[in-house]
Amino acid sequence: MKDRIRGLLADAARRAHTAGALPSGDFPDIDIEVPKVEAHGDFATNFAMIMAKIQRMAPRRIAEIIIAHLDGAADLIAKTEIAGPGFINFHIQPAAWAPLLKAIPAAGERYGAVDIGCGRKVQVEFVSSNPTGPLHVGHGRGAAVGDAVANLLAFCGYDVQREYYINDSGRQIRTLGHSVLLRYRALHGRHADFPEDCYQGDYIRDLAREMKSREGDRLLSLDEDEALMTCARFAAERIIAGIRDDLLDFGVAFDRWFSEQSLYDDGRVARSIEAFRDNGQIYESEGALWFNTSQYGDEKDRVVVRGNGRTTYFASDIAYHQEKFERGFERVIDVWGADHHGYIARMKASVAASGIDPERFEVILVQLVNLLRAGAPVAMSTRAGAFVTLQDVVREVGRDAARFIFLTRHYANTLDFDLEVAKQKSNDNPVYYVQYVHARIASIRRKAAENGIAAADGADECLARLDTAEDVALIKHLLRYPDAVLAAARQMEPHRITFYLMNLAGAFHSYYNKQRVLVEDPDTSRGRLYLVAAVQAVIRNGLTLLGVSAPERM
RNA sequence: GCGCCUGUAGCUCAGUUGGAUAGAGCAACGGACUUCUAAUCCGUAGGUCGCAGGUUCGAAUCCUGCCAGGCGUACCA
């Protein structure tokens with residue numbers, strides 16, 4: 001529709017120029033938008049206004065000239081008008097809308113997909129929580145956002161890979177091993193102080209018990225380091241397996257689980273450091289090795305190998321991101337918790353230093369989640385071990401409610417997640433509001449089938465009955481879905497889909513209360529069934545992008 | 001101190017990349033179930049878009065400076 005109007009305008013402008021009414025033949029791109037106020041028509045353009053300078057004429061005068069040269073669209077356009085400083089408003093013939101609905105079943109599950117990816121490879125790395133404890137609510141938000149972004153990009157033509165980076169190397173993994181070992185020894189009556197910097201949660205005791213039943217007292221006779229590393233490897237594996245299960249329950253499946261340790265095992269980190277030393281980007285100072293990230297916009301240089309010879313986390317991250325680009329991804333997207341924002345500059349710097357355009361590396365910073373119960377904060381301290389895990393939340397409120405709520409805010413905003421609200425089946429909790437549309441329509445369609453009403457196929461005589469204000473309003477809403485998808489995919493903002501769906505749901509519920517679908521006149525019934533089936537398809541389509549189910553009954 | 005994020009109705013938040021009279025939900029008040037699912041709908045009320053300048057035909061949106069809140073600022077991860 002927009003394209004058609006754009007074409008009409010371009011023709012009109014060209015014709016006006018040829019006729020000598022417009023001095024310049026240099027026309028800017030035409031932007032067509034949907035006005036906020038209904039009285040301003042169905043579509044509007046500021047075309048005349050942005051041409052004012054080029055044409056050296058008043059915007060309203062240009063608008064008059066263009067309208068005078070519009071031609072051959074009486075079937076489409078009911079009325080044009082010039083408004084405000086020089087907007088051209090278009091009122092579409094009411095009968096022109098219904099046939100456009102055919103695009104929805106014609107596109108099937110692909111309705112709304114705009115191919116901006118053209119098969120290019122993109123990687124979305126998300127969650128990547130350290131394997132030192134179970135996922136908590138904040139990770140859930142990262143999972144919901146990362147998965148939805150991946151869905152959107154895949155929907156819009158990118159070849160998407162989902163990756164989880166496992167930090168199974170370094171000090172924290174030793175701390176994990178140490179924590180389990182101490183609990184394990186305690187189970188054998190060898191009590192010792194449990195340091196504060198060890199992991200306090202009950203899951204550590206569970207792991208120790210498991211260790212005991214598997215190994216008996218074998219670890220007691222091993223030397224300290226070997227016992228510790230045995231515990232560490234065992235615990236990390238079990239925790240990762242748990243994380244994987246929790247994510248599957250949450251509806252998130254990764255294509256690849258990438259081990260940090262593997263970067264050391266195959267010499268990747270060492271080779272990367274060597275290469276940067278050779279070209280002078282890594283240098284030695286005060287007994288440590290530094291990366292000159294400040295040359296690429298970071299506020300200072302960063303250590304990659306400490307004075308004690310141990311590499312930093314940054315060292316493996318440099319190698320990891322080089323490796324990602326070597327795998328042929330055109331875009332690499334990392335989803336991080338907002339508390340890591342200080343890390344972006346150095347990561348971008350390292351990418352740039354590797355000779356890769358840093359624009360190709362993007363970071364989505366997801367703000368934290370405040371977990372509440374009936375308005376009161378729920379304690380979320382990881383160290384103290386008194387946290388609510390993602391699994392707890394999913395068990396309590398359900399996967400759909402959790403995923404939907406995580407996507408009801410722009411990720412740059414902190415999110416209040418209230419467990420009680422998430423369980424409510426009311427307008428407070430928009431997931432049911434949206435799902436209810438799907439279930440209601442399913443019910444209508446079942447009823448239609450029982451009554452022997454033939455499936456709606458979009459025949460002209462049926463579509464012609466979609467002529468009430470409510471019909472047209474709903475059709476217009478459905479036709480805006482591709483715009484919402486495009487904006488969401490381009491900006492990697494899944495909440496735009498969430499808001500679109502809530503608005504569409506509102507439009508449908510309103511329709512439902514004003515118009516009956518199954519009425520006496522068969523053409524009207526079949527026309528409305530066709531419309532309502534399109535609503536159902538778009539709801540299902542959008543919910544799928546968000547990773548939320550579309551129930552047939554509620 | 002410096003950096004990033006946020007500031008819009010009593011509360012929680014949108015706002016189509018600079019457009020016309022700034023929108024939803026909740027909470028408040030008043031209505032609608034004999035009809036395809038009331039997990040719904042309709043109506044009323046609610047605003048100095050943090051503050052002050054600037055840019056232009058036009059600013060919640062862009063630029064500058066303040067104010068407030070959150071986060072970050074390690075040879076931690």
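Since the structure is predicted, the reported quantities are computational estimates derived from the model, not experimental observations. Protein chains get the first letters and strands the later ones, always in sequence-line order, with residue 1 at the start of each.
Checking B:U40, B:A20, B:C75 against the side-chain heavy atoms of A:W290 singles out B:C75 as nearest. Of the candidates B:C75, B:G72, B:C41, B:C75 carries the atom nearest the A:A288 side chain, counting heavy atoms from C-beta on.
Nucleotides B:G7 and B:C51 have their P atoms positioned 13 Å apart, rounded to a whole Å. B:C13 and B:A27 are spaced 15 Å apart, taking the C1' atom of each and rounding to whole Å. Comparing the C1' positions of B:C4 and B:U48 gives an interatomic distance of 29 Å, to the nearest angstrom. Nucleotides B:A20 and B:U64 are separated by 24 Å at their P atoms, to the nearest Å. Separating the C1' atom of B:G15 from that of B:U8 is a span of 9 Å, rounded to the nearest Å. Taking atom C1' in both B:G3 and B:C41, one finds a spacing of 49 Å when rounded to whole Å. Distance check on atom C1': B:C62 versus B:C49 gives 16 Å, rounded to whole Å. Taking atom P in both B:A60 and B:U16, the straight-line distance is 13 Å, to the nearest Å.
Classified by interplanar angle (parallel below 30°, tilted 30° to 60°, perpendicular above 60°), the ring pair A:H321/A:F361 is perpendicular. Ring pair A:Y343/A:F314 is perpendicular by interplanar angle, where above 60° counts as perpendicular and below 30° as parallel.
In terms of phosphate contacts, A:R306 brings a side-chain nitrogen or oxygen within less than 4.0 Å of OP1 or OP2 of B:C76. Within the 4.0 Å cut-off from OP1 or OP2 of B:C75, not a single side-chain nitrogen or oxygen of A:Y313 is found. The phosphate of B:A39 has OP1 or OP2 within less than 4.0 Å of a side-chain N or O from A:Y436. In this model, the phosphate group of B:A38 is approached by a side-chain N or O of A:R440 to a distance below 4.0 Å at OP1 or OP2. For the pair A:R346 and B:G3, the criterion of a side-chain N or O lying under 4.0 Å from OP1 or OP2 is not met. One finds a side-chain N or O of A:Y433 lying less than 4.0 angstrom from the OP1 or OP2 phosphate oxygen of B:C41.
The ring of A:H341 does not lie on top of the base of B:G72; it is either too far (5.5 Å or more) or too tilted (30° or more).
Ion pair A:E125/A:K324 flagged as a salt bridge, since at least one NZ, NE, NH1 or NH2 atom sits closer than 4.0 Å to an Asp/Glu carboxylate oxygen. A salt bridge links A:E396 with A:R373: at least one charged nitrogen is closer than 4.0 Å to a carboxylate oxygen. A salt bridge does not link A:R526 with A:D523: none of the charged nitrogens is closer than 4.0 Å to a carboxylate oxygen. With salt bridges taken as basic N to acidic carboxylate O contacts below 4.0 Å, one links A:D483 and A:K2. Under 4.0 Å is where a charged nitrogen must lie from a carboxylate oxygen, and between A:E284 and A:R277 at least one such pair does.
B:U17 shows a glycosidic angle within 90° of 0 and is accordingly assigned syn. By the rule that a glycosidic angle within 90° of 0 means syn, B:C33 counts as syn.
Looking at A:I318 and A:V351, their side chains never come closer than 4.5 Å, going by heavy atoms from C-beta outward. In this structure, A:T408 and A:H495 have side chains that are not in contact, with every pair of non-hydrogen atoms separated by 4.5 Å or more.
Between the base of B:G72 and the side chain of A:H340 there is no donor-acceptor pair shorter than 3.5 Å. Under 3.5 Å, the side chain of A:N89 and the base of B:A20 form at least one donor-acceptor pair of N or O atoms.
The separation between A:Q536 atom CD and B:C36 atom P is 18 Å, rounded to whole Å. The CE atom of A:M502 sits 12 Å away from the C1' atom of B:G23 (whole-angstrom rounding). The nearest whole Å value for the distance from the CG atom in A:D339 to the P atom in B:G3 is 20 Å. Following rounding to the nearest Å, A:Y343 (OH) and B:A77 (P) show an atom-to-atom distance of 8 Å. Remark: P of B:C33 and CZ of A:R516 are 16 Å apart, rounded to the nearest angstrom.
Nearest-nucleotide positions on RNA chain B place A:G506 closer to the 5' end than the other of A:G506 and A:E260. Mapping A:R446 and A:S169 onto RNA chain B by nearest heavy atom places A:R446 at the nucleotide closer to the 5' end.
Taking the six-membered ring for Trp and the full ring otherwise, the centers of A:Y164 and A:F126 sit at least 6.0 Å from each other. Aromatic rings from A:F508 and A:H477 are positioned such that their centres are separated by 6.0 Å or more.
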query = Where along nucleotides 7-19 of chain B does protein come under 4.0 Å, by heavy atom, of base (B) or sugar-phosphate alone (S), with - for untouched nucleotides?
reply = -----SSSSBB-B

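Remark: A:R490 CZ is loosely packed, at most 12 non-hydrogen atoms of other residues, nucleotides or ligands lying under 6.0 Å away.
RNA chain B forms stems at B:1-7 with B:67-73, B:10-13 with B:23-26, B:28-32 with B:40-44, B:50-54 with B:62-66, each a run of 3 or more consecutive Watson-Crick or G-U wobble pairs whose two key distances fall under 3.5 Å.
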